[in-house]
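Worksheet: one structure, shown below.
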Amino acid sequence: METTQAAALRYKQLLSRKPKVKVKSRGKQTRAAAGGERRRKERGDVGRLPGQSGSGQAPSRRFFRDGLTGRGALWCPREALRPENLRYHFRSQSRGFHGSASGTGAAMDHRGVTKISTGTTIMAVEFDGGVVLGSDSRVSAGESVVNCFFNKLEPLHDRIYCALSGSAADAQAIVDLINYQLELHSLEMEMQPRVLTAATLVKSLSYKHPELSAHLLVAGWDPQKGGQVYSTLGGMLNRQPFSIGGSGSTFIYGYVDSAYKSGMSREECRQFTKNAIALAMVRDGSSGGIIYLVTITKDGVKEEAVLGDDLPKFYNE
């Protein structure tokens, strides 16, 4: 046991000591951090993206973290995330109705994937007081017919319609987007949109996104200019008294040029459209089915279907 004096002296010495405080230097790494850095260098993980292995070819983890949102995402090959690969994947899974003039056979692209050519016939004609739109109903994929009664005449607004050709998925996506924009436009302006406005929106979308394989004929009626037909192929905007499109159109250019007359009546335009599409359906293997017609005037819209027994007949049938 210590004496009282010795204990007091020891207590005084303890109080006189300065406490030793460890201050961590910001410029130096702790032992744990240094060890982790050393192990990463040994594995060769320094300077690579999360989810990438030492060879830089295949990912070493099943999950990686998004650098923008910080959210975890299920791993997938980075090659598949490129826009051109995504576009081709979805397009190869969709069905279309636009074909090339060279035929409807399948062809191989540079990735070794089979491209499918498809076909259709669409048409729009102006008359005094409105327009007439027409199309066939066959949807094809290569040598296969995947739909016999598809209506390719879609409404963009109350008195504005469009005829679709190209990839079915791309064309329908454009229609949905333009329909939404026209609805907002009509609410803001508190009036019906003009046909030229709808055609300009389609033209702008087609020009900004050339990867979309779609050609739309826009036609309708408005109080300012009456019946109008616009072609928007490849970002072009051109008003015409009549317009045709699709793979079947190559077979009927001679007929429409000779049969069209300025100042035709509503019934004459309907018969002219039926005859032209029926001729294309006879000649073009990618066009067929029935004929859909839409007549638009200031009084409203009339939709009708011309069935097989009522289709125009020609000498070679």
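Note that these values count all heavy atoms, side chains included, but never hydrogens, waters or copies made by symmetry. Since we're looking at a predicted model, the values are computed, not measured.
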**Message:** Treating Ser137 as the side-chain partner and Ile290 as the backbone partner, does any N or O pair qualify as donor plus acceptor under 3.5 Å?
**Reply:** yes
**Asked** Is a salt bridge present between Asp310 and Lys274, judged by a nitrogen-to-oxygen distance below 4.0 Å?
**Response** no
**Same cluster (ILVMFWY, side-chain, under 4.5 Å), Tyr253 and Leu279** = yes
**Prompt:** Just checking, is any N or O donor in the side chain of Gln228 or Asp222 under 3.5 Å from an acceptor N or O on the other one?
**Reply:** yes
**Prompt:** Where the side chain of Thr232 meets the backbone of Leu216, is there a donor-acceptor pair that is under 3.5 Å apart?
**Reply:** yes
**Prompt:** Are there more than 12 heavy atoms of other residues, nucleotides or ligands under 6.0 Å from atom CE of Met236?
**Reply:** yes
**Donor on one side chain, acceptor on other, Ser287 and Thr121, under 3.5 Å** = yes
**Message:** Quick one: does any side-chain atom of Glu188 pair with a main-chain N or O of His185 as donor and acceptor, under 3.5 Å?
**Reply:** no
**Step-by-step side chain to side chain donor-acceptor pair (under 3.5 Å) determination, Asn275 to Gln271** = CA-CA 6 Å; Asn275 290 342; Gln271 192 62 43; 3.1 Å; yes
**Prompt:** Has Asp128 got more than 12 heavy atoms of other residues, nucleotides or ligands less than 6.0 Å from its CG?
**Reply:** no
**Message:** Side chains of Glu126 and Arg239, heavy atoms from C-beta outward: is any pair under 4.5 Å?
**Reply:** yes
**Message:** Please check: side-chain N/O of Ser231 versus main-chain N/O of Asn238, any donor-acceptor pairing under 3.5 Å?
**Reply:** no
**Asked** Is the closest side-chain heavy-atom distance between Tyr292 and Val306 below 4.5 Å?
**Response** no
**Request:** Indicate the ring-plane relationship of Phe272 and Phe242, choosing parallel, tilted or perpendicular according to the 30° and 60° boundaries.
**Result:** perpendicular
**Message:** Would the distance check show the side chain of Asn147 and the main-chain N or O of Val139 forming a donor-acceptor pair, the cut-off being under 3.5 Å?
**Reply:** no
**Prompt:** Any donor-acceptor pair under 3.5 Å linking the side chain of Thr200 with the backbone of Leu196?
**Reply:** yes
**Prompt:** When rounded to the nearest 0.5 angstrom, what distance separates CG in Leu217 from OG in Ser243?
**Reply:** 4.5 Å
**Prompt:** Should Tyr260 and Met264 count as side-chain neighbours, where that means a heavy-atom distance under 4.5 Å?
**Reply:** yes
**Item:** Donor + acceptor pair across side chains of Glu303, Tyr161 (<3.5 Å)
**Value:** yes
**Item:** Derivation and outcome, side-chain contact (heavy atoms from CB on, under 4.5 Å), residues Ile122 and Leu153
**Value:** CA-CA 9 Å; Ile122 56 176; Leu153 306 179; 5.5 Å; no
**Prompt:** Between CD of Gln181 and NE2 of His157, what distance do you get to the nearest 0.5 Å?
**Reply:** 12.5 Å
**Asked** Do the side chains of Arg270 and Leu293 get nearer than 4.5 Å, heavy atoms only?
**Response** yes
**Request:** Keeping the roles fixed (side chain from Thr250, backbone from Ser247), state whether a donor-acceptor pair exists under 3.5 Å.
**Result:** yes
**Request:** Report the C-alpha separation of Lys152 and Thr120 in whole Å, then their side-chain angles, then the decisive distance to 0.1 Å, and conclude whether the side chain to side chain donor-acceptor pair (under 3.5 Å) test is met.
**Result:** CA-CA 9 Å; Lys152 304 171 189 177; Thr120 188; 2.6 Å; yes
**Request:** Identify whether Val294 and Val131 are in the same connected component of the hydrophobic contact network (ILVMFWY, side-chain heavy atoms under 4.5 Å).
**Result:** yes
